[in-house]
Protein chains: 2
Amino acid sequence: MLIASNHGVCYFAIMKDQSNTPSRFKRSPCPVACTLDVLGDKWTLLVVRDLFAGKKTYGEFQHSPEKIPTNILADRLKRLVAHEIVAKEPYQARPVRYQYVLTEKGRELGPVLKAMVQWGEKHVPGSKALMKPAG
Amino acid sequence: MLIASNHGVCYFAIMKDQSNTPSRFKRSPCPVACTLDVLGDKWTLLVVRDLFAGKKTYGEFQHSPEKIPTNILADRLKRLVAHEIVAKEPYQARPVRYQYVLTEKGRELGPVLKAMVQWGEKHVPGSKALMKPAG
DNA sequence: TCAGTTACTTGCTAATTGCAAGTAATCATG
DNA sequence: CATGATTACTTGCAATTAGCAAGTAACTGA
């Protein structure tokens, strides 16, 4: 697996913005750094995992086994929506209830999650993907 | 990309330790959570990226474009060594100089990095993998 | 001898995390 | 109509972590 030769790794990186969009702050143009700027923390990808697993509501995320603190969950959902990885849409009126769904951009995080699942299962003792009841 | 059906996503997770090794603390047995416990932060995977790019010494990591603070670099190298993702070995005596190299476990993070490169290049404007001069 | 390099450590402040509790809107029951 | 439950959050605060600047130790080369 040669990251450098297949896709390049920023080596001589320059901080000037190469896009014409009003870009957010970036540490460097390296795609690994850029991706980590969005989801480089302990919780964000767990929310994305839950979305892949079919969870949709705030309460469902909250009750995942890792017990994410509610303020962090609210913050991460806000950030995921801001990054257009997740869309927030009402699924009923009175009372208004929202569900969170992955956008196409979000669904394309699948390979990242998949690679982490494979690495975790192979290298972290006691790590085991449990199937959903139906699976 | 169906994470749930291909590899499972912990859904009904139980916190008891399923391994017989003296396991480190885990938030859950989910492989995504376990992987994030090891490298779920802004800096760890950047060091791994540098190792994939051929960097070996403390100074080389330090001079990467993202300018990692030195105390965090020291901490992350220590953690990567503790997790046996990286090995620290002397490459010269007098003065003793150390180099850091990926173990097999570390090299198997390639697919995670590769997935992030692909996602970053596609979805983060201004994100661009720059080739090494020789590449 | 004296600046320079490598590989860190230390001190301190700022930002983020995580726990607990509180809030607001609405619904379901008696 | 009052009471309790549910959903989806927000707020306050202590503890942890990040990040900047500076310092240290062991050499090297001039």
J.: Tell me whether the side-chain N/O atoms of W43(A) come closer than 4.0 Å to OP1 or OP2 in dT16(C).
T.: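 So the side-chain polar atoms of W43(A) never come under 4.0 Å of the phosphate oxygens OP1 or OP2 of dT16(C).
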J.: Considering only heavy atoms of chain B and a distance under 4.0 Å, specify the first and last nucleotide of DNA chain D in 5' to 3' order that meet this criterion.
T.: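 The contacted stretch runs from dA18(D) to dT28(D).
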J.: Look at all strands and tell whether Y100(A) reaches a base, only sugar-phosphate, or nothing, counting heavy atoms closer than 4.0 Å.
T.: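 The answer is sugar-phosphate, as Y100(A) gets under 4.0 Å only of primed atoms, P, OP1 or OP2.
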J.: Once you round it to whole Å, what is the distance between C1' of dG18(C) and CD1 of I68(A)?
T.: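 About 11 Å, once rounded to whole Å.
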J.: How long is the line joining CD1 of I72(B) and P of dA15(C), in whole Å?
T.: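 Spelled out: CD1 on I72(B) to P on dA15(C) is 14 Å.
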J.: Keeping S28(B) on the side-chain end and P65(A) on the backbone end, is there a donor-acceptor pair under 3.5 Å?
T.: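 No, the answer is negative, given that no donor and acceptor are paired below the 3.5 Å cut-off.
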J.: Do side-chain atoms of Q92(A) reach the backbone of P95(A) as a donor and acceptor pair under 3.5 angstrom?
T.: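 Flag set: sc Q92(A) to bb P95(A) pair under 3.5 Å.
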J.: Salt bridge (Lys or Arg N to Asp or Glu O under 4.0 Å) for R107(A) and E104(A)? Distances and angles first, verdict last.
T.: CA-CA 5 Å; R107(A) 281 190 298 273; E104(A) 178 59 22; 2.9 Å; yes
J.: Categorize K67(A) for me: base, sugar-phosphate, or nothing, with a 4.0 angstrom heavy-atom threshold over every strand shown.
T.: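 It contacts nothing in the nucleic acid.
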J.: Looking at H123(A) and E108(B), what are the two nearest heavy atoms and their distance?
T.: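 Heavy-atom minimum between the residues: NE2-OE1, 2.7 Å.
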J.: Mind checking N71(A) for me? I need base, sugar-phosphate or nothing, with any heavy atom below 4.0 Å counting as a touch.
T.: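 Since a base atom lies under 4.0 Å of N71(A), the category is base.
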J.: Atom CD of Q62(A) to atom C1' of dA20(C): distance rounded to whole Å?
T.: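 The distance from CD of Q62(A) to C1' of dA20(C) comes to 13 Å, rounded to the nearest Å.
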J.: Supply the atom-to-atom distance Y58(B) OH to H63(B) NE2, rounded to the nearest 0.5 angstrom.
T.: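 That separation rounds to 10.5 Å.
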J.: Please compare A93(A) and R76(A) by the position of their nearest nucleotide in DNA chain C and report the one closer to 5'.
T.: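 Of the two residues, R76(A) wins.
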J.: Sub-3.5 Å donor-acceptor pair from the side chain of K26(B) to the main-chain atoms of P125(A), do we have one?
T.: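 Here the side-chain-to-backbone pair exists.
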J.: How many whole angstroms separate atom CG of L73(A) from atom P of dG18(C)?
T.: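 Result: 12 Å.
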J.: Check every atom of dA20(C), dC27(C), dA7(C) against the side chain of T57(B) and return the nucleotide holding the closest atom.
T.: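 From the listed options, dA7(C) comes nearest.
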J.: Please tell me which of R97(A) and Y98(B) maps to the more 5' nucleotide of DNA chain C, matching each residue to the nucleotide holding its nearest heavy atom.
T.: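 On the 5' side of the pair lies Y98(B).
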J.: dT10(C) C1' sits how many Å from D75(B) CG, rounded?
T.: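 Taking atom C1' of dT10(C) as the reference, CG of D75(B) is at 14 Å.
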J.: Verify, without hydrogens or angle tests, whether T103(B) (side chain) and I85(B) (backbone) share a donor-acceptor contact under 3.5 angstrom.
T.: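 Yes, because the side chain of T103(B) sits within donor-acceptor range (under 3.5 Å) of the backbone of I85(B).
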J.: dT17(C) P sits how many Å from K78(A) NZ, rounded?
T.: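 Between P of dT17(C) and NZ of K78(A): 14 Å.
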J.: Mind calculating the distance between CZ (R79(A)) and C1' (dA15(C)) to the nearest angstrom?
T.: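 Those two atoms, CZ and C1', are 12 Å apart.
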